[in-house]
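Below, chains carry the letters A, B, ... as their sequence lines are ordered, and counting in each starts from 1. Worth knowing before you read on, the calculation uses all heavy atoms, side chains too, and leaves out hydrogens, waters and symmetry mates. Only a predicted model underlies this, so the values are computations on that prediction, with no experimental measurement involved.
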Amino acid sequence: MLEFLLSVNGKQLGAQVDADTPLLWVLRDELGLTGTKHGCGMGLCGACTVHVDGQAQRSCQVPVSSLAGKHITTIEGLHPQGQHPVQQAWLKHDVAQCGFCQCGQIMQAAALLTITPEPSPAQIDAAMAGNLCRCGTHLRIRAAIQGAAATMLRAKAGAES
Amino acid sequence: MSGVMLQRRGFLAVLAGTGLSLAFDLHADASSGTRAGPAQTFTPNAFLRIEADGQIVLIAPAPDMGQGVKTSLPMLLAEELDVGLDQVRVEQASLDNRMGPLQNAGGSTSVAKNWRPLREAGAAARWLLVGAAAQTWGVSRASLRTERGMVIHDESKQVASYASLANAAAQLSLPEHIPLKDARSFRLIGQRQNQVDGPLIVRGAPLYCGDQRPPGCLIAVVIKAPVFGGKPQSDNVFGINALAGLSGIPNGATNAPVIGSRPHAANLDALKAMPGIVDAFILEAKGEVSGDMVSRSVQPALQAAVAIVARNTWSALKARSALQVTWEPTAFDAHSSGGYSAESKRLLEQPGETWRDDGDVEAALKSASVTIDAYYELPILSHNSMETMSCLAEPLPNGGLRLTSPSQFPSGPVEAITSVLGIPKEKIELHIPRLGGAFGRRWEVDFALDASAIALKMGAPILLFTPREEDMRHDFYRPFESQRIRAGVDADGKLVAWDQDRVLHSFRNPQTPKITAEQFPVNFIPHLRIRARMVASNVPAGAYRAPPANLHAFFIESAFNELAYAAKIDPLVFRLQVLGEDRELKDTGFSPTRMKGVLRLAATKADWGDPLPKGRARGIASWFSHAGYVAHVIELSVSQTGVIKLHRVTSAVDVGQIINLHGAEQQVQGSVIDALSGALLQRITLNNGAVEQSNFHDNPMLRMPDVPHSIDVHFVESERSPTGLGEPAYPAVAPALVGALLSATGKPIRSLPLSQHDLSWS
């Protein structure tokens with residue numbers, strides 16, 4: 001066991017864990033951040049998605065020892081009041097059913113829109129292909145991402161004008 | 001006191017027709033008739049209250065597993081109470097003996113069961129509040145109306161909030177009968193309502209069982225034998241009694257399983273030496289582990305397993321990887337899916353048990369104009385909810401347990417713990433978290449028993465965590481089934497002969513398979529025979545969304561599509577002909593009229609009959625399941641190399657009054673995607689007695705690029721009482737899909753998943 005200092009949601013947090021501990025379990029068991037979920041443990045379902053230096057990563061596949069100097073954002077830190085445009089779009093379109101996959105979906109969608117602010121339907125499908133949803137909310141995920149993209153573009157245009 | 005007694009009797013009389021008796025929960029001071037003094041809580045029944053600060057709280061009785069009942073059931077209360085959901089706080093009920101079966105989420109029955117009781121509960125509260133205003137203002141009841149938590153006297157323009165009337169309302173008595181709203185007055189029911197937990201879900205709030213971490217909580221992982229029901233090998237030199245003094249029999253639990261450290265073929269000492277590991281031991285089997293082949297009810301039981309208890313999840317998972325254990329041989333070690341398939345074909349050569357024999361099916365087949373002879377197979381399916389099996393069990397100082405269990409039937413774990421572990425049910429609390437999907441899997445009690453047995457041994461809170469591999473390999477599966485169907489039409493295209501030979505794996509099901517011998521198409525075909533045989537298998541089977549229709553509809557509807565195709569009859573026309581004239585069949589509760597209604601609606605909305613280019617086609621199927629009527633049309637293309645593209649699904653649904661239009665559409669679209677995922681990609685196979693698959697790489701789920709962009713849902717508008725929507729849309733999807741492939745390629749598909757077939761055509 002080693003002491004690791006991590007930058008999570010803008011704070012410096014410490015955890016005493018084995019070096020090979022996946023970030024997922026450091027978040028859930030040591031840091032009390034349980035929004036990030038275990039769905040498969042193999043990087044196949046996306047329920048554990050976080051941002052590392054702004055990039056979407058499957059936290060079940062990221063060993064804590066690889067995170068020195070990196071900035072981690074979890075669902076809890078995506079927006080201080082939980083009102084990121086993607087989160088707001090998720091509410092407007094009533095996306096969730098059981099909700100278990102949705103934090104991973106939101107993190108993946110937020111990362112997509114940072115890189116591709118005007119994604120085509122095909123780009124949305126490809127970007128979200130790694131996130132499973134057992135309840136079948138896919139149609140509303142698509143609609144919410146398109147809605148969030150439009151909102152974010154309008155805000156950017158408004159800020160620039 | 002007499003005011004309270006009248007109220008209690010009156011209220012109980014109102015609910016007598018529901019078969020329930022709800023206890024009162026009036027605040028003691030309110031019952032004594034005190035009018036002055038601080039505001040007290042107004043709690044006319046178990047389902048709602050107005051708190052001292054005026055906050056209206058509605059109680060959601062049943063667990064929400066994504067079917068939306070934490071929203072739709074409070075809508076029933078809110079409708080009759082005349083408040084908006086935005087004005088209230090919704091609380092999830094814990095296991096509450098006053099609520100009985102209203103707390104069960106399964107069989108698509110929550111809304112149907114709660115429809116009258118919750119409306120009556122809301123109406124009763126409104127009655128009392130209106131009465132309080134009438135009294136306060138000295139006006140008649142009839143001159144008052146309510147809207148969004150206010151009582152209004154239009155004539156004098158006086159208004160009063162429910163909060164301000166709560167005290168006075170608590171003094172009043174209820175009449176024998178309280179009228180409910182007419183459907184035309186509904187403000188909420190039938191409208192779109194966003195789900196109440198949405199804001200918490202999108203922020204990652206700790207809503208699920210596995211998100212709880214009470215002080216001192218330990219993580220437990222349980223490893224079971226690869227062959228169902230297997231046990232770790234033990235060294236017989238040491239008897240169980242000799243070790244009783246060493247084993248961890250907890251105080252006060254007279255019936256607890258013996259959990260000891262007797263010699264066994266598992267490297268438990270090595271695991272216990274690993275960092276973060278608190279304990280590792282054998283969990284002994286207790287109770288009947290699996291029912292026999294014909295039993296329809298399996299007693300809850302603790303299955304033999306290795307339990308690992310750790311300070312955190314990663315330590316437990318590493319110990320699991322390091323575990324070496326030898327399992328005892330079982331009678332099922334040579335079982336395989338290939339073996340079940342061969343056995344099914346062998347059994348079909350035997351006559352089996354006759355469940356139905358109408359007319360003379362052999363003669364009718366001989367004289368038929370066009371016949372089919374088709375053998376179909378469906379595989380085992382695993383539930384694959386996104387949240388794997390979990391449970392939090394906290395021992396209480398009185399020897400009891402506090403559970404946080406994501407259980408569909410909250411009383412189930414309590415009964416199981418009492419019967420298997422000997423804890424009296426008065427000492428067990430059960431709290432209901434949000435469920436990360438269920439689909440029938442969390443009707444079982446295994447996860448609650450495992451967590452509780454370990455918690456009692458350890459004397460510490462135990463959070464049971466199940467890795468995906470264990471979840472997929474230790475399920476209560478949708479079982480396999482095969483059918484051979486021979487059927488024929490006469491020269492007029494009428495379906496006259498139907499010979500159905502079934503090979504079943506016995507499974508627990510609220511509806512025994514024999515009931516299908518009385519259901520459609522029985523009584524719709526003059527010469528019909530159903531015979532059944534059983535395959536001996538130890539695969540634990542349980543309820544999977546829409547049992548047994550999740551098997552049965554595929555066989556029947558596929559045979560319909562194949563026969564229509566062979567006889568060159570439009571499959572929609574074929575079905576309408578089989579259903580016959582408009583009529584209501586009182587005996588079976590099945591309405592051919594309503595079934596034809598959804599078939600026609602789906603066909604119309606899907607442009608059925610409009611020409612399509614070669615390789616593109618529509619398929620149609622319908623099914624009556626869990627009291628709902630559903631028809632689907634699926635339009636797809638198949639490339640000549642056999643690649644499918646799903647263009648559009650059109651669904652027509654008749655389930656009576658819709659409660660939440662958002663939630664209802666979600667259930668249909670979700671069922672469609674679920675069924676497509678299963679039909680296209682999924683199966684569980686066995687080899688050497690054990691499940692071969694373990695995760696989403698070898699038992700995949702449909703991913704975003706393959707989900708159709710259009711799933712158009714059309715509801716038949718109805719004021720009939722609601723009948724439920726968690727399941728009815730599921731069964732007809734797979735046969736509609738396969739029917740579309742038949743139309744597009746001319747090739748019948750008789751087994752699933754489609755991923756195992758070569759769909760190329762020329």
Contacting moiety of [X], where chain A heavy atoms sit under 4.5 Å:
X: Thr313(B); value: both
X: Lys70(B); value: neither
X: Thr71(B); value: neither
X: His383(B); value: backbone
X: Pro700(B); value: neither

Spacing of [atom1] belonging to [X] relative to [atom2] belonging to [Y], to within rounding of 0.5 Å:
X: His38(A); Y: Met386(B); atom1: NE2; atom2: CE; answer: 8.5 Å
X: Ile201(B); Y: Gln87(A); atom1: CD1; atom2: CD; answer: 12.5 Å
X: Leu139(A); Y: Glu665(B); atom1: CG; atom2: CD; answer: 10.5 Å
X: Leu317(B); Y: Thr21(A); atom1: CG; atom2: OG1; answer: 10.5 Å

Between [options], the one whose heavy-atom pairs under 4.5 Å with chain A are most numerous:
options: Asn384(B), Leu200(B), Thr388(B); value: Asn384(B)
options: Asp197(B), Ile673(B), Asp64(B), Val202(B); value: Val202(B)
options: Lys318(B), Gln67(B), Met65(B), His662(B); value: Lys318(B)

Neighbour count above 12 (heavy atom, 6.0 Å) for Glu118(A) CD: no

Exceeds 12 heavy-atom contacts within 6.0 angstrom, atom CD of Gln55(A): no

Output, in order, the C-alpha distance, side-chain angles, deciding distance and verdict of side-chain contact (heavy atoms from CB on, under 4.5 Å) for Met701(B) and Arg134(A). CA-CA 8 Å; Met701(B) 276 208 270; Arg134(A) 178 71 178 82; 3.5 Å; yes

Side chain to side chain donor-acceptor pair (under 3.5 Å) evaluation trace for Gln666(B) with Asp94(A): CA-CA 10 Å; Gln666(B) 292 169 13; Asp94(A) 199 37; 2.8 Å; yes

Scored by heavy-atom pairs under 4.5 Å with chain B, the best of Cys135(A), Gly82(A), Ala129(A), Cys103(A) is Ala129(A)

Just give me the residue among Thr36(A), Leu132(A), Ile75(A) that pairs up with chain B most often, heavy atom to heavy atom, under 4.5 Å. Leu132(A)

Is it the side chain or the backbone of [X] that comes within 4.5 Å of chain B heavy atoms, both, or neither?
X: Gln102(A); result: side chain
X: Asp18(A); result: side chain
X: Gln88(A); result: neither
X: Leu44(A); result: both
X: Cys40(A); result: both

Arg703(B)/Asp125(A) salt bridge by N-O under 4.0 Å criterion: no

Looking only at heavy atoms, what is the nearest atom pair of [X] and [Y], with distance?
X: Arg203(B); Y: Pro80(A); answer: NH2-O, 4.4 Å
X: Pro206(B); Y: Thr34(A); answer: CB-OG1, 3.7 Å
X: Phe696(B); Y: Gly39(A); answer: CE1-O, 3.8 Å
X: Tyr208(B); Y: Gly99(A); answer: OH-C, 3.0 Å

Does the salt bridge (charged side-chain N to carboxylate O under 4.0 Å, His left out) test come out yes or no for Arg28(A) and Asp211(B), once each step is laid out? CA-CA 8 Å; Arg28(A) 289 187 62 76; Asp211(B) 301 333; 2.9 Å; yes

Check whether any side-chain heavy atom of Trp314(B) lies under 4.5 Å from a side-chain heavy atom of Asp20(A), and answer yes or no. yes

Answer yes or no: is there a side-chain heavy-atom contact under 4.5 Å between Arg213(B) and Asp29(A)? yes

Does [X] use its side chain to pair, donor to acceptor, with the backbone of [Y] at less than 3.5 Å?
X: Arg434(B); Y: Cys98(A); answer: yes
X: Asn194(B); Y: Leu91(A); answer: yes
X: Arg142(A); Y: Met704(B); answer: yes

Could you walk me through whether His697(B) and Met42(A) pass side-chain contact (heavy atoms from CB on, under 4.5 Å), step by step? CA-CA 9 Å; His697(B) 61 293; Met42(A) 277 183 75; 3.8 Å; yes

